[in-house]
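First the structure, in the form of structure tokens, and then the observations on it.
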Protein chains: 2
Amino acid sequence: MRSKGLTSVQLAKLAGVSSATISRAFTADSLIKPETRARILALADEHGYRPNAMARSLNMSQSRLVALVVNTVANPAEGEGLDQLVHRLQARERMPLLLCCANHEDRNQLMRIASAYRVDHVVLYSDAVSIDDAADIFRSATLIVASSEPLQGRAVSDVRLDASAATRQVVDRLVDMGRRHFVYLSGRSSSHIDKQRMSWFSDALEAQGLAFDVVEHGDYSYESGYKEAVLLLRRARPDVIVCANDLMAIGVKDAASLLNIRVPEDLAIVGHDGVALANWEAHSITTIMPLEGMVSTALAEIIDRDPTEPPMQRVVDCVVRWGRSTPELPR
Amino acid sequence: MRSKGLTSVQLAKLAGVSSATISRAFTADSLIKPETRARILALADEHGYRPNAMARSLNMSQSRLVALVVNTVANPAEGEGLDQLVHRLQARERMPLLLCCANHEDRNQLMRIASAYRVDHVVLYSDAVSIDDAADIFRSATLIVASSEPLQGRAVSDVRLDASAATRQVVDRLVDMGRRHFVYLSGRSSSHIDKQRMSWFSDALEAQGLAFDVVEHGDYSYESGYKEAVLLLRRARPDVIVCANDLMAIGVKDAASLLNIRVPEDLAIVGHDGVALANWEAHSITTIMPLEGMVSTALAEIIDRDPTEPPMQRVVDCVVRWGRSTPELPR
DNA sequence: GGGTAAAATGTAAGCGTGTACATTTGTGTC
DNA sequence: GACACAAATGTACACGCTTACATTTTACCC
């Protein structure tokens with residue numbers, strides 16, 4: 001086995017140069033003779049040398065670490081979004097530090113631990129933590145909010161969704177086809193994105209002169225969609241159930257099938273997020289989702305910006321991915 | 001806004017002590033008067049001070065970082081397993097660095113970047129990277145393999161599954177109920193866990209004096225399960241399809257439903273992994289899975305060990321989670 | 001109270017880099 | 001060949017912390 005953890009000084013000895021030259025060989029556009037650099041890089045490669053990122057971060061005060069604050073990666077919606085973002089970061093030689101908040105009693109403590117690593121950026125993907133707490137804890141990092149919490153004048157970059165047009169498109173089509181009894185199944189009514197989705201839905205219906213009922217007790221899980229739908233469908237007969245996310249929408253669809261309610265003939269179902277499995281043959285849920293890859297692109301762009309520039313707000317438009325959980329347009 | 005990034009020396013001035021005392025206040029069981037520590041911790045809290053993990057890591061040569069090498073977090077099987085592991089790490093004040101290999105052309109380059117952060121441990125959750133490459137790149141870290149690749153005498157800790165008993169249990173029941181025509185749908189035949197699953201299956205069938213067919217073209221995705229099942233079921237009528245993972249099993253079930261093949265009456269379907277959605281009402285796939293939480297527990301235990309101890313091998317037994325994709329036992 | 005040992009704190013030297021500054025080497029000109 | 005000037009390299013310190021060692025304070029006992 002080769003030597004463990006060569007340092008720049010040791011490599012310098014081997015190369016017959018000073019450690020400063022080693023450093024220069026690894027720094028782009030620095031003053032060094034091309035042949036020297038080539039020789040050093042070859043030697044480094046041979047010995048498996050890499051500049052110690054800890055030491056480098058320490059005196060450059062920039063770590064190239066990005067803290068990703070999510071609820072859980074077990075959830076397809078978060079997992080799929082996260083995956084794209086991670087790929088974009090990796091392509092830029094940045095490293096994601098993962099913080100999973102769900103099931104963790106003290107989220108602030110978690111953030112405090114991560115902040116000790118002096119991350120350059122923090123992406124708040126989870127609405128389970130407060131922006132103010134995060135800003136307070138990650139003092140010197142650039143905070144980027146992706147959880148749709150209102151900024152209220154805070155000097156923070158954010159990426160938010162706009163599903164108003166897509167929602168109107170769905171509602172209009174359903175109304176056109178004669179649907180009148182709409183229900184919204186909430187995921188967590190305290191969640192900001194949930195509030196927004198409901199409000200877009202509410203606006204779209206209002207424009208059609210219609211009202212709707214709300215079922216509050218969902219929790220974003222398949223099981224809750226299923227359970228709430230069974231309860232609801234036993235006492236009422238809505239035309240349309242719009243769910244705060246796709247997982248609940250799938251639960252609703254299964255509940256309908258249990259109760260012999262035909263989808264989409266008797267009941268149309270709409271989800272949110274556009275997770276891969278909503279598109280599976282057995283589910284085929286019509287869903288309102290951000291344009292493919294747009295969120296992670298926007299986040300990556302913000303991360304690439306000069307940190308001294310003022311924060312930036314980006315809006316990503318949503319589209320409809322039609323499935324068989326809503327009726328087809330007549331030809 | 002408060003000062004950005006206080007250092008230990010600055011805090012020392014504020015507290016009227018030396019920086020060494022600050023350090024001791026943050027180090028468990030070190031020689032310091034309890035009142036002094038309390039006073040310093042209170043002051044630190046007030047000013048939002050935390051020891052810089054970079055500096056600390058640099059001279060302790062231990063970072064409390066753990067590199068998690070996975071294919072993708074978009075996949076439920078990896079996402080769910082990862083989530084548990086992340087929680088266990090966080091509970092121990094360790095930070096996960098996430099490396100997603102899928103879609104990344106040069107995995108070794110990715111690992112090299114991560115290795116610059118001097119992670120203490122590397123968990124290989126992905127079989128897309130070579131153990132030898134990982135060991136070579138993460139020279140001074142403790143490598144832990146969770147991808148079922150054979151160790152071949154390498155001095156590496158690993159956690160592997162044993163599904164032999166569970167597989168036998170499934171096969172025996174199906175044979176008892178008269179099933180004779182078994183097919184195995186592979187995910188990626190080069191994958192080690194896939195080979196193992198097929199071999200357990202093969203052994204269980206052999207014990208019953210039966211043979212089976214193999215469909216090689218799966219790729220672990222729902223779509224491939226669906227597609228391969230359609231092709232297969234159009235030309236043959238197996239009793240049982242055992243899939244390399246749950247996603248393909250769900251695809252197979254949907255394909256069966258498309259072709260009006262009744263599950264489980266005409267066709268029994270078995271998956272692997274035990275992902276949450278396999279248990280959903282609409283799917284209800286019988287699956288062979290590790291005992292809940294055992295893998296992440298084993299990994300966390302290995303991570304907690306003294307790094308000077310020799311590597312350790314752990315085997316996690318699998319169980320059967322029965323669903324409605326296999327016939328019920330007659331009463 | 002003086003002496004001793006234990007407890008608490010201070011001092012200073014690293015940990016492995018990057019970089020400002022000093023120094024050496026190379027190039028071209030008269 | 002001496003000179004000026006640019007290119008390339010070396011020197012030394014800082015980044016923020018831990019820790020071995022030195023020093024001071026406290027506690028205790030005769």
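The shown structure was predicted, so the numbers you read here are calculated from the model rather than taken from an experiment. In what follows, chains carry the letters A, B, and so on, assigned in the order in which the sequence lines appear, proteins first and then strands, with residues in each chain numbered from 1. The analysis underlying the following values was restricted to heavy atoms, covering all of them including side chains, and did not include hydrogens, waters or symmetry mates.
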Under 4.0 Å, heavy atoms only, any strand: does A/Tyr49 hit a base, just the sugar-phosphate, or nothing? sugar-phosphate
NZ/NE/NH1/NH2 to OD/OE distance under 4.0 Å, [X] and [Y]:
{"X": "A/Asp304", "Y": "A/Arg92", "result": "yes"}
{"X": "A/Glu149", "Y": "A/Arg160", "result": "no"}
{"X": "B/Arg188", "Y": "B/Asp127", "result": "yes"}

Pair A/Arg107-A/Asp133, salt bridge (charged side-chain N to carboxylate O under 4.0 Å, His left out): steps then yes or no: CA-CA 10 Å; A/Arg107 288 95 193 258; A/Asp133 286 357; over 6 Å; no
Polar contact flag, side-chain donor to acceptor under 3.5 angstrom, [X]-[Y]:
{"X": "A/Ser57", "Y": "A/Tyr117", "result": "no"}
{"X": "A/Asp132", "Y": "A/Ser130", "result": "no"}
{"X": "A/Arg118", "Y": "A/Ser63", "result": "no"}

The contact string for nucleotides 6-12 of chain C, one letter per nucleotide 5' to 3', using protein heavy atoms under 4.0 Å with B, S and - for base, sugar-phosphate only and none, comes out as --BBBB-
Stretch residues 109-119 of chain B: residues that reach within less than 4.0 Å of DNA chain D through a heavy atom: none
Taking DNA chain C as the partner, which of residues 55-63 of chain A come within under 4.0 angstrom of it by heavy atom? A/Ala55, A/Arg56, A/Asn59, A/Met60
I want to check something: taking the side chain as every heavy atom from C-beta on, are B/Val73 and B/Leu98 in contact at a cut-off of under 4.5 Å? yes
Do B/Cys100 and B/Asn71 have side-chain heavy atoms sitting under 4.5 Å apart? no
Just how far, in rounded Å, is [atom2] of [N] from [atom1] of [X]?
{"X": "A/Glu35", "N": "C/dG26", "atom1": "CD", "atom2": "P", "answer": "12 Å"}
{"X": "A/Met54", "N": "C/dG18", "atom1": "CE", "atom2": "C1'", "answer": "17 Å"}
{"X": "B/Lys13", "N": "D/dG16", "atom1": "NZ", "atom2": "C1'", "answer": "13 Å"}
{"X": "B/Phe26", "N": "D/dC17", "atom1": "CZ", "atom2": "P", "answer": "9 Å"}

Tell me, with the steps shown, if A/Ser115 and B/Arg50 meet side-chain hydrogen bond (donor to acceptor under 3.5 Å, both in side chains). CA-CA 8 Å; A/Ser115 81; B/Arg50 280 229 122 204; 5.6 Å; no
Side-chain N or O of A/Ser23 closer than 4.0 Å to phosphate OP1/OP2 of C/dG18: yes
Parallel, tilted or perpendicular for A/Phe26 and A/Tyr49, by the 30°/60° rule? perpendicular
